[in-house]
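Below, all heavy atoms of this structure are taken into account, side chains as well, without hydrogens, waters or symmetry copies. Bear in mind the structure is a predicted one, so any value in this text is a computation, not a measurement.
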Amino acid sequence: MILASMTEASRAVISTDIQIMYFDTDAGGVVHNIAYLRLIEVARTQLAIKMGMSFEEIARTQVHPVVTRTEIDYRRPARLGDTVRINGRVAEWTSIRFWCEFAVLRASDETLLATCRQSLALVKLPEGRPIRLPAGFPENFSITAP
């Protein structure tokens, strides 16, 4: 079953602000395209933690959320010193895969800089075996198995 919307009060929604640093930019002070993946990774990790998939949970269970596809549309440039706001949410899911959507905005004026959609699956390591999403997903991202 695929569900398509989450309420703003949901655990499956995140908003985080990140300041753009020198290492995010090119020689002209413009954020280079690969830096957006780092910004989205930060937001996605914070979203997973908010939903119950902490670093400790991953280490204990050896179940890892793995990105299987990323789509990014670049709309406007961010620049050195900007603070960007990344809004993210779990948008859709099935029993074995879920999709997160992100919007990267300049915090000072809410200009949309980029949008991103990622597909993820849970993988049990070291076997590399995909597993089903936990009961109650997306409000519960915690894996109860030892």
Nearest non-hydrogen partners of P77 and L113, listed with the distance: O-CD2, 3.8 Å
Do the ring planes of F137 and F98 sit parallel (below 30°), tilted (30 to 60°) or perpendicular (above 60°)? tilted
Under the salt bridge (Lys or Arg N to Asp or Glu O under 4.0 Å) test, which residues partner D73, sequence neighbours left out? none
Hydrophobic clusters join Ile, Leu, Val, Met, Phe, Trp and Tyr when side-chain heavy atoms are under 4.5 Å apart, directly or via other members; which others share one with L105? L112
Does W99 reach the side chain of Q118, with side-chain heavy atoms less than 4.5 Å apart? no
Do we see a donor-acceptor contact under 3.5 Å between the side chains of T111 and R76? no
All side-chain contact (heavy atoms from CB on, under 4.5 Å) counterparts of S54, not counting sequence neighbours: E56, E57
Using atom types as modelled and distance alone, determine if a side-chain donor or acceptor of R97 lies under 3.5 Å from a backbone N or O of A121. no
Sequence neighbours excluded, which residues qualify as ring-ring contact (aromatic ring centres under 6.0 Å, His included) partners of F102? none
Would you mind reporting whether I72 and L37 have side-chain heavy atoms less than 4.5 Å apart? yes
Using salt bridge (Lys or Arg N to Asp or Glu O under 4.0 Å) as the criterion, list what pairs up with R44, not counting sequence neighbours. E41
Check for a donor-acceptor pair, side chain of K124 on one end and backbone N or O of P130 on the other, with a separation under 3.5 Å. no
If you look at every heavy atom in F141 and A48, which pair is closest and at what distance? CE2-CB, 3.8 Å
For the pair D109 and R106, find out whether any cationic side-chain nitrogen is under 4.0 Å from an anionic carboxylate oxygen. yes
To which residues is L125 joined in a hydrophobic cluster, defined by side-chain heavy-atom contacts under 4.5 Å among Ile, Leu, Val, Met, Phe, Trp and Tyr, whether direct or through other members? V66, V123
For the pair L47 and C100, evaluate side-chain contact (heavy atoms from CB on, under 4.5 Å) and give the outcome as yes or no after the intermediate values. CA-CA 10 Å; L47 178 61; C100 293; 4.2 Å; yes
ILVMFWY cluster, V90 and I58 together (side-chain gap under 4.5 Å): yes
At their closest point, which heavy atom of N140 faces which heavy atom of R11, and how far apart are they? CA-NH1, 4.5 Å
If a pair satisfies side-chain hydrogen bond (donor to acceptor under 3.5 Å, both in side chains) and one of its residues is in residues 21-31, list it, with sequence neighbours excluded. D24-R38
Looking at CD1 of I14 and OG1 of T45, how far apart are the two atoms once the value is rounded to the nearest 0.5 Å? 10.0 Å
Mind running side-chain contact (heavy atoms from CB on, under 4.5 Å) on Y36 and V31 for me, showing each step along the way? CA-CA 8 Å; Y36 287 92; V31 173; 3.6 Å; yes
Any residue meeting side-chain hydrogen bond (donor to acceptor under 3.5 Å, both in side chains) with S15, in chain and number order, not counting sequence neighbours: N87
Listed by chain and number, what are the side-chain hydrogen bond (donor to acceptor under 3.5 Å, both in side chains) partners of D17, not counting sequence neighbours? R85
Compare all side-chain heavy atoms of T68 with those of L120 and state whether any distance is below 4.5 angstrom. no
Listed partners of R69 passing side-chain hydrogen bond (donor to acceptor under 3.5 Å, both in side chains), at least two apart: E71
Begin with the C-alpha distance, continue with both residues' side-chain angles, and end with the deciding distance and a verdict on salt bridge (charged side-chain N to carboxylate O under 4.0 Å, His left out) for R89 and E101. CA-CA 6 Å; R89 70 187 184 106; E101 295 176 344; 2.9 Å; yes
Closest heavy-atom contact between M51 and P138? CE-O, 2.8 Å
L122/I143 under side-chain contact (heavy atoms from CB on, under 4.5 Å): CA gap, chis, key distance, verdict: CA-CA 10 Å; L122 295 181; I143 306 297; 3.8 Å; yes
Take I86 and V42 through the test side-chain contact (heavy atoms from CB on, under 4.5 Å) and record every step on the way to the result. CA-CA 9 Å; I86 301 97; V42 169; over 6 Å; no
Check which hydrophobic residues are tied to M21 through side-chain heavy-atom contacts below 4.5 Å, counting indirect links as well, and list them. F23
State, with a plain yes or no, whether a side-chain heavy atom of S119 is found less than 4.5 Å away from one of T70. no
Residue pair L39 / I20, side-chain heavy-atom distance below 4.5 Å: yes
Residues which pass side-chain hydrogen bond (donor to acceptor under 3.5 Å, both in side chains) with Q19, listed by chain and number, not counting sequence neighbours: none
Consider only side-chain heavy atoms of I, L, V, M, F, W and Y, link residues closer than 4.5 Å, and tell whether V67 and I131 are in one cluster. yes
